[in-house]
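In what follows, every chain begins at residue 1, and chains take the letters A, B, ... in the order their sequences are listed.
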Amino acid sequence: MAPSGKKPLLFLACSIPFCLLIYNGITNNLTANPIKEITHFTGEWTLNFLLITLAVTPLRKITGNNALIRYRRMLGLFTFFYACLHFSTFLALDHFFDWAEIVRDIVKRPYVTVGFTAFILLIPLAVTSTNKMTRRLGNNWRKLHRLIYLIGVCAIFHYLWLVKADILPPVIYGLILCLLLALRSPRIKFKSRKT
Amino acid sequence: MLIKTPDPIKPSQITDKQQYLNRRQFIRDTTKFGMAGALLTSATGLILPAETALAGTKLSTVKNHEFSTDEELTPYDAVTSYNNFYEFGTDKRDPASRSGKFKPQPWSVAIDGECMKPGVYDYEDIIKPHQLEERIYRLRCVEAWSMVIPWVGIPLGDVLKRFEPTSRAKYVSFTTVMRPDEMPGLRRDVLRWPYREGLRIDEAMHPLTILTVGLYGETLPNQNGAPIRLIVPWKYGFKSIKSIVKIEFTHKQPKTSWNISAPHEYGFYANVNPEVDHPRWSQGKERRIGDFLKRETLKFNGYGEQVAALYNGMDLRKHY
């Protein structure tokens, strides 16, 4: 099958967490505090997709399989999709559009500040993800999309600064991010690419 | 619509606890050993009666109206499935799903420190001389959610007096049981174990403070701190220590687990106070479990009339 033929499959796979969330919502399986559960679930999957997206380039380098690049945009857009769910949960379910409270949270709470920053920075990346925009921006597209590294760092601190005592999960996420960024270094070389 | 409020559940509709735990065990076994293995282990469970069968026993109580709220109760299912009890794991679902091996009976509590009658007392020795009361209290978690729970307990002060604390007893310290084999959360040092909490002696003697043995008219489920726990309704939930094995009268202010973990975030007093935020989040509002919209948090969790006098002249910003 041509790589592009696998895209619908990937789309379905990326939708599984969302379907699971809907299913758990319908079957009343989101704990006694569903709003917090939805917030955590969507946040965690945003982070998962962010790291999966960031894994494409190192994976390409390691396997020499350049076709992988075709899937990166979809993975990135799913990151944005889960981030939108996460952010709208915060606005609509958690705060029910209490704007004064929302602004106070963003300004006063460092973990919200970095999370909000990460979300805002994702917007230009999603907007410029079309073929047309890629062509129009030319070399600037690459520069712009390097923002994803900063977004990754913001996302890790967003998680780290909100946990009460168990910092292990955000630390693991942080280490994976470090690894994925380190593998990009031109000093790290793998076998030559496949032809 | 994603948000559904659970229907109120009658006790008669609730699955028998042992059956429920068996089901969990069954699911775990299936993943571990496959279907055949799970069937085998559950079959042995049918032959050998489980030792934890005591949990969920009906208790005879009198209702205490003086201190009870008439607010709508949080459903039994929510009270027993959404818990913070890190000894079983840090996820809210862990205490219910991972406490099946915990044995709350037999139980004893060591009484120690500045008192005339120290010693190790059996659960029965501690509870029997007292009349159990049902008290419907608000519970406010430091994470900004809250519940309304019908506890069954006895005033802590009545119990403590029996051990004849001396004039040197200025504080009371409490310790949670530590059984790594039955409490999987203890494998990791998320907090410094064993879990410890403490109260000033006048807080401990206050009539609102209860030594709790049940909820919804039955003995405490493991995830709620079986068989004996503290409830201090005007303080954040983490002060209400679970599964107590030691009570000590002390002259100096005792060390407490969350305070050791993050001293600038969790103070010794930890009174519910909407005016003093947690350094990382607001304490001004809370979500009552089952509600969609948040509500204003009340100072001393609404028990100010009874307890504010305990803190006269104290700067509650400093003594958070």
Side-chain angles (χ1 to χ4, degrees), chain A residues 18-42 44 85 88-98 100-115 157-172, chain B residues 1-7 74-84 86 89-94 96-97 141-147 185 187-193 195 236 238 257-258 260-262 265-266 277-282 284-294 296:
Chain A
F18 179 66
C19 296
L20 211 64
L21 181 65
I22 300 292
Y23 176 77
N24 285 333
I26 293 168
T27 55
N28 207 355
N29 200 16
L30 290 171
T31 80
N33 195 355
I35 296 176
K36 204 162 237 181
E37 181 67 12
I38 296 168
T39 308
H40 290 171
F41 185 88
T42 52
E44 211 172 301
L85 289 179
S88 41
T89 305
F90 167 75
L91 293 184
L93 301 183
D94 193 24
H95 284 304
F96 195 58
F97 308 109
D98 181 345
E101 192 76 24
I102 289 165
V103 170
R104 210 174 308 144
D105 246 10
I106 293 173
V107 175
K108 265 182 87 173
R109 316 285 165 204
Y111 85 91
V112 186
T113 315
V114 285
F157 279 97
H158 174 58
Y159 194 177
L160 188 69
W161 286 344
L162 74 86
V163 294
K164 264 168 74 194
D166 189 6
I167 59 163
L168 187 66
V171 165
I172 291 173
Chain B
M1 190 65 186
L2 284 173
I3 319 299
K4 279 171 68 184
T5 331
D7 299 321
T74 305
Y76 177 89
D77 215 23
V79 173
T80 57
S81 69
Y82 193 77
N83 309 96
N84 273 325
Y86 279 17
T90 53
D91 190 281
K92 296 285 183 294
R93 284 166 286 215
D94 287 342
S97 67
C141 179
V142 74
E143 296 165 3
W145 53 266
S146 63
M147 295 184 178
R187 276 178 223 144
R188 286 180 46 222
D189 292 329
V190 178
L191 291 171
R192 200 177 302 165
W193 313 118
Y195 192 84
Y236 292 118
F238 68 86
S257 287
W258 278 103
I260 295 169
S261 165
E265 297 189 338
Y266 310 101
D277 281 345
H278 184 282
R280 291 182 285 151
W281 57 81
S282 166
K285 288 181 178 182
E286 69 198 53
R287 176 168 286 115
R288 179 68 50 84
I289 294 302
D291 283 1
F292 175 64
L293 291 176
K294 290 181 192 172
E296 301 286 332

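Checking side-chain atoms of B/Ser261 against main-chain N and O of B/Ser257 turns up no donor-acceptor pair under 3.5 Å. Side-chain atoms of B/Arg280 come within 3.5 Å of backbone atoms of A/Trp161 as a donor-acceptor pair (strictly under, hydrogens ignored).
Annotation: maximal heavy-atom pairing with chain A below 4.5 Å, among B/Thr74, B/Leu191, B/Asp277, B/Leu293, occurs at B/Asp277. In terms of heavy-atom pairs under 4.5 Å with chain B, the best-connected choice from A/Leu168, A/Val112, A/Ile167 is A/Leu168. Ranked by heavy-atom pairs under 4.5 Å with chain A, the first of B/Tyr86, B/Tyr266, B/Trp281 is B/Trp281.
A/Asp98 touches chain B through its side chain: at least one heavy atom from C-beta onward sits under 4.5 Å away, while N, CA, C and O do not. Heavy atoms of B/Trp145 lying under 4.5 Å from chain A belong exclusively to its side chain. With a 4.5 angstrom heavy-atom cutoff, A/Val163 touches chain B only via backbone atoms. In this structure, the portion of B/Thr90 lying under 4.5 Å from any heavy atom of chain A is its side chain and not its backbone. With a 4.5 Å cut-off on non-hydrogen atoms, B/Lys92 does not touch chain A at all. Proximity to chain B is limited to the backbone of A/Leu162, based on heavy atoms less than 4.5 angstrom apart. Within the 4.5 angstrom heavy-atom criterion, no atom of B/Asp91 approaches chain A. Of the two parts of B/Val142, only the side chain, counted from C-beta on, holds a non-hydrogen atom closer than 4.5 Å to a non-hydrogen atom of chain A.
The neighbour count for A/Tyr111 OH, taken as heavy atoms of other residues, nucleotides or ligands under 6.0 Å away, is above 12.
A/Glu37 places a side-chain heavy atom less than 4.5 Å from the side chain of B/Arg93. The closest side-chain heavy-atom distance from A/Glu44 to A/Pro169 is not below 4.5 Å. Residues B/Ser282 and A/Arg109 are in side-chain contact: their nearest non-hydrogen atoms beyond the backbone lie under 4.5 Å apart.
Put simply, CZ on B/Arg287 and NZ on A/Lys36 are 8.5 Å apart, with the number rounded to the nearest 0.5 Å.
The aromatic ring centroids of A/Phe96 and B/Phe292 lie less than 6.0 Å from each other.
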